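In the text below, chain A, chain B and the rest are named by the order of the sequence lines, each starting its count at 1. Since the model is a prediction, treat every value here as computed from it, not as a measurement.
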Protein chains: 2
Amino acid sequence: MINTASAQPVFRALADPTRREIISMLAVGARPVGEITDAFDITRPAIAKHLRILEQGGLITVEVKGRERINRLNPQALKTASDWLNYFEAFWDERLANLKTVVEDKK
Amino acid sequence: MINTASAQPVFRALADPTRREIISMLAVGARPVGEITDAFDITRPAIAKHLRILEQGGLITVEVKGRERINRLNPQALKTASDWLNYFEAFWDERLANLKTVVEDKK
DNA sequence: ATAACATAAAACCTTATGGTTTCACTTTAT
DNA sequence: ATAAAGTGAAACCATAAGGTTTTATGTTAT
């Protein structure tokens, strides 16, 4: 299975609702800090902090373009979290299958 | 897409490494609080708090059995998080496909 | 050259989080 | 009946997290 420790920066980044909304926004297209800030009711420094955490989790990449910082979603990083989760979904399916087998056997 | 707000208790529960380890442990089989505690270096009340948060996120269900509380994984709840993530994986695949198309067109 | 822009960085504040210790309460075993 | 086991709950503590305001810095436009 996926290592719990290595998944930490990703799950940490995903834990905050504002950060998840930023991810949604960046899915539509890359954006500079100010433009992202406009969509929220919090200050730019607060957004900048969220972006840093997203970057640490590998969820976004930043391209410095003159005085702007273009933030771009890196959806591949979401796979780390997805893989971790999917392991258990598989597990669940297996259990369902086993349960079904037991039920079938009782017939 | 999956609502960001409704996903909050799940993502919050997943954010802590101890809680993710508890999930891994419960995937093997349901366990009472004390047995879970034995596997960690923290106190029982700390584990109990983690279990409460997992319960709030719908990730476990608790069956009170005499003086014991049996904690059982509810892997279906992981689907909430998984669905949220998969939306973006699909998005990424689409972009990859588009990019590929552009590249193909240039030939 | 200078003003406006986009942003980072630092200092600070409040609340949430993860942990502990202590105490109380049921349930089971003797 | 009494002791032990399994747990919850409360009080408390230190640190992390999310936010703000203020100050500084490099970049673009006039």
Quiz item: Does C/dG19 have OP1 or OP2 sitting under 4.0 Å from an N or O in the side chain of B/Thr43?
Solution: no
Quiz prompt | side chain to side chain donor-acceptor pair (under 3.5 Å) involving A/Arg69 - partner list, sequence neighbours excluded | solution = none
Restricting to nitrogen or oxygen on both sides, can you table the protein-nucleotides 13-17 of chain C pairs closer than 3.5 Å?
from	atom 1	to	atom 2	distance (Å)
C/dT17	OP2	B/Arg12	NH2	3.2

Quiz prompt | Validation row: B/Trp84, A/Ile23 side chains within 4.5 angstrom (heavy atoms) | solution = yes
Quiz prompt | Pairing residues for A/Glu63 by the side chain to side chain donor-acceptor pair (under 3.5 Å) criterion, not counting sequence neighbours | solution = A/Arg72
Exercise. Figure out the CD1/P separation between A/Ile42 and D/dT20, and round it to whole Å.
Key: 6 Å
Quiz item: Would a distance-only check, ignoring hydrogens and angles, find a side-chain to backbone donor-acceptor pair under 3.5 Å from B/Asn71 to B/Arg31?
Solution: yes
Quiz item: How long is the line joining CD1 of A/Ile47 and P of D/dG19, in whole Å?
Solution: 8 Å
Self-check item: Partner residues of A/Lys79 under the salt bridge (charged side-chain N to carboxylate O under 4.0 Å, His left out) criterion, sequence neighbours left out
Solution: A/Asp83
Exercise. Check side-chain contact (heavy atoms from CB on, under 4.5 Å) between A/Ala15 and all other residues, then give those that pass, not counting sequence neighbours.
Key: B/Ala15
Quiz item: Does A/Lys65 or A/Ala46 map to a spot on DNA chain D nearer the 5' end, using the closest nucleotide for each?
Solution: A/Ala46
So which protein N/O to nucleotides 6-11 of chain D N/O distances come out below 3.5 Å?
from	atom 1	to	atom 2	distance (Å)
D/dT7	OP1	B/Val33	N	3.1
D/dT7	OP1	B/Arg69	N	3.4
D/dT7	OP2	B/Gly34	N	2.6
D/dG8	OP1	B/Arg69	NE	2.2
D/dG8	OP1	B/Arg69	NH1	3.4

Practice problem: Any side chain to side chain donor-acceptor pair (under 3.5 Å) involving residues 33-53 of chain A? Give me the pairs, sequence neighbours left out, ordered by first then second residue. | Solution: A/Arg19-A/His50
Quiz item: Would you say B/His50 reaches C/dG19's phosphate, i.e. side-chain N/O to OP1/OP2 under 4.0 Å?
Solution: yes
Quiz item: Among all residues two or more places apart in sequence or in another chain, which pass the side chain to side chain donor-acceptor pair (under 3.5 Å) test with A/Arg20?
Solution: B/Gln8
Quiz item: For residues 29-48 of chain A, which residue pairs qualify under ring-ring contact (aromatic ring centres under 6.0 Å, His included), counting only residues two or more places apart or in two chains?
Solution: none
Exercise. Write down the distance between CG (A/Leu51) and C1' (C/dA9), rounded to a whole number of angstrom.
Key: 15 Å
Quiz item: Under a cut-off of 3.5 Å for both distances of each Watson-Crick or G-U pair, what dot-bracket string does DNA chain D give, using [ ] for crossing pairs and | for inter-strand pairs?
Solution: ||||||||||||||||||||||||||||||
Quiz item: Who are the side chain to side chain donor-acceptor pair (under 3.5 Å) partners of B/Gln56, not counting sequence neighbours?
Solution: none
Quiz item: Got a sec, which residues hit side-chain contact (heavy atoms from CB on, under 4.5 Å) with B/Ala48, two or more places apart in sequence or on another chain?
Solution: none
